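What follows is a single structure, written as structure tokens, with notes after it.
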Amino acid sequence: MYATATIVKPLPPELFRTHGASAEMRWDAMAGQGFHTPTDRFFVRNHTFTPSIDPATWQLAIHGDGVRCPGAYTYDQLRAMPARTLDAAIECAGNGRRFYGTQQGEPAPGTQWGLGAIGVARWRGVPLRYLLERSDISARAVDVLPTGLDAPFEHHGHVRRPLPVDKAMDDVLVAYEMNGRPLPPDHGFPVRLVVPGWVGIASIKWLGDIEVATRELFTPWNTEFYRDVTVNPVKSALELGWNARVPFGRPQLLRGRSWSGRGRVVKVEVSFDDGRTWRRAEHRGPHLVSAWLPWHITWVPRRLGERSILVRATDASGATQQLKRPQHAFGYHFDAAVRHPISVIHG
Ligand SMILES: Nc1nc2c(c(=O)[nH]1)N[C@H]1C(S)=C(S)[C@@H](COP(=O)(O)O)O[C@H]1N2
Ligand SMILES: [Mo]
């Protein structure tokens with residue numbers, strides 16, 4: 001009923017807002033959820049549409065002048081290799097783009113994401129490092145180029161973006177499971193890359209081919225789109241609907257999450273007076289690098305009417321979310337504190 005031509009899973013309006021071929025999660029859909037984003041509400045960013053791939057004939061080819069033992073692996077072979085589990089966020093570089101316009105008065109072109117182009121899942125698969133070592137990667141290898149099997153994007157060919165060999169050999173996963181189940185079609189079935197901390201485009205879905213080269217590689221996805229963006233900056237979101245109604249005079253337990261591709265979030269503060277004063281939020285539970293930090297704060301609304309709540313986090317690199325963010329030509333990396341509008345009503 002809610003299916004579109006580009007995304008397979010249902011996109012009920014209480015969980016998603018759609019933008020052409022992509023769909024963002026509504027943050028109130030995270031209220032009451034556990035640490036991970038349930039797969040039914042995980043955002044989808046497709047350049048074209050979700051392909052249907054037969055795992056019985058699918059293979060992952062590894063080749064190029066940077067490996068001495070090129071090869072191709074089947075789904076069953078991959079699933080029989082040593083596996084790792086990783087709790088990690090995937091976030092689109094354009095997450096929050098809408099706020100360049102709505103909050104700073106300078107709209108940026110592109111998908112007008114709110115803050116819902118992020119999710120944290122439990123991924124399981126084979127470390128890319130294992131596959132590269134098994135392919136006898138050369139010490140002279142420089143770049144690794146994963147390519148997706150989805151339809152070519154405009155005249156640019158298949159979606160593909162080079163990854164420097166250092167990152168490829170560090171913490172990248174060739175994932176076949178998401179939240180304990182085989183990857184669903186929209187999130188890359190049978191196999192996708194998960195590149196912790198990096199912009200979402202690095203995590204190529206529907207992986208079919210990995211080239212390893214002894215020279216730097218260039219594709220439209222590192223020269224034109226997503227140029228000069230690598231690691232995601234620090235951001236925060238409240239688990240509340242936009243314009244949520246909050247009753248006057250009663251203590252409210254507000255929850256949210258903060259995250260950064262640069263490392264752990266070390267501090268979260270909330271302002272109820274437009275950034276004049278800030279209160280520390282509290283957190284307990286998992287505090288993982290590459291995922292997010294769930295936090296909470298209690299607040300008693302003492303004034304009726306419309307207002308906004310601001311959240312700012314600080315990450316391990318020392319970066320703190322500011323009230324304003326310099327304009328970005330492509331609208332990537334909106335990391336200012338977002339003004340979340342609410343209305344305080346008679347309880
Ligand atoms: N093959 C392929 N991989 C892709 C994309 C795509 O369109 N095709 N979109 C990328 C972008 S821009 C993002 S943000 C993430 C989104 O992952 P998700 O749809 O599982 O949330 O996938 C990345 N991997
Ligand atoms: Mo993205």
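Remember, it's 1-based here, ligands and their atoms both numbered in the order they're listed. Quantities reported herein were computed from a predicted structural model and do not represent experimental measurements.
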Nearest protein heavy atom with distance in Å, relative to [atom]:
{"atom": "atom 8 (N) of ligand 1", "value": "Asp150 OD2, 2.7 Å"}
{"atom": "atom 15 (C) of ligand 1", "value": "Gly200 O, 3.6 Å"}
{"atom": "atom 21 (O) of ligand 1", "value": "Phe43 O, 2.7 Å"}
{"atom": "atom 9 (N) of ligand 1", "value": "Arg45 O, 3.3 Å"}
{"atom": "atom 6 (C) of ligand 1", "value": "His47 ND1, 3.4 Å"}

Ion pair check, [X] and [Y], cut-off under 4.0 Å:
{"X": "Glu177", "Y": "Arg122", "value": "no"}
{"X": "Glu24", "Y": "Arg17", "value": "yes"}
{"X": "Asp274", "Y": "Arg339", "value": "yes"}

Original post:
Taking the six-membered ring for Trp, are Trp292 and His36 ring centroids under 6.0 Å apart?
Top reply: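 No: the rings miss the under 6.0 Å criterion.
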**OP:** Compute the ring centroids of Trp242 and Phe99, then answer whether they are less than 6.0 Å apart.
**Re:**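 Aromatic pair counts; centres sit under 6.0 Å.
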Subject >> Lys205, Arg161, Glu24: member with heavy atom nearest to atom 3 (N) of ligand 1 >> reply: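 Result: the heavy atom closest to atom 3 (N) of ligand 1 is in Lys205.
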What do you reckon, does [X] have a nitrogen or oxygen under 3.5 Å from a nitrogen or oxygen of ligand 1?
{"X": "Arg192", "answer": "yes"}
{"X": "Ser203", "answer": "yes"}
{"X": "Thr48", "answer": "no"}
{"X": "Asn46", "answer": "no"}

Original post:
Taking the six-membered ring for Trp, are Phe42 and His187 parallel (under 30°), tilted (30 to 60°) or perpendicular (over 60°)?
Top reply: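 Taking His187 first and then Phe42, their aromatic rings stand perpendicular (interplane angle over 60°).
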Subject >> Aromatic ring pairing Phe189/Tyr75, orientation class (parallel under 30°, perpendicular over 60°, tilted between) >> reply: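 Correct class here is perpendicular.
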Original post:
Which one holds for Trp206 and ligand 1: side chain close, backbone close, both close, or neither close, with close meaning a heavy atom under 4.0 Å?
Top reply: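 Just the side chain.
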**OP:** Under 4.0 Å, heavy atoms only, figure out whether ligand 1 is touched by the backbone of Tyr226, its side chain, both or neither.
**Re:**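 Under 4.0 Å from ligand 1, Tyr226 contributes side-chain atoms alone.
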**OP:** Quick one: pull up CG in Leu193 and CD1 in Ile90 and give me the separation to the nearest 0.5 Å.
**Re:**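 Those atoms lie 9.0 Å apart.
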Subject >> Under 4.0 Å to a heavy atom of Phe42 - the qualifying atoms of ligand 1, by number >> reply: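 Numbered from 1, ligand 1 contributes 21 (O).
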Original post:
Can you list the atoms of ligand 1 that are under 4.0 Å from a heavy atom of Gly148?
Top reply: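 That gives atoms 1 (N) of ligand 1.
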Original post:
Under 3.5 Å, is there a donor-acceptor pair between the Asp315 and Ser260 side chains?
Top reply: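 The criterion, which ignores hydrogens and geometry beyond distance, is satisfied for Ser260 and Asp315.
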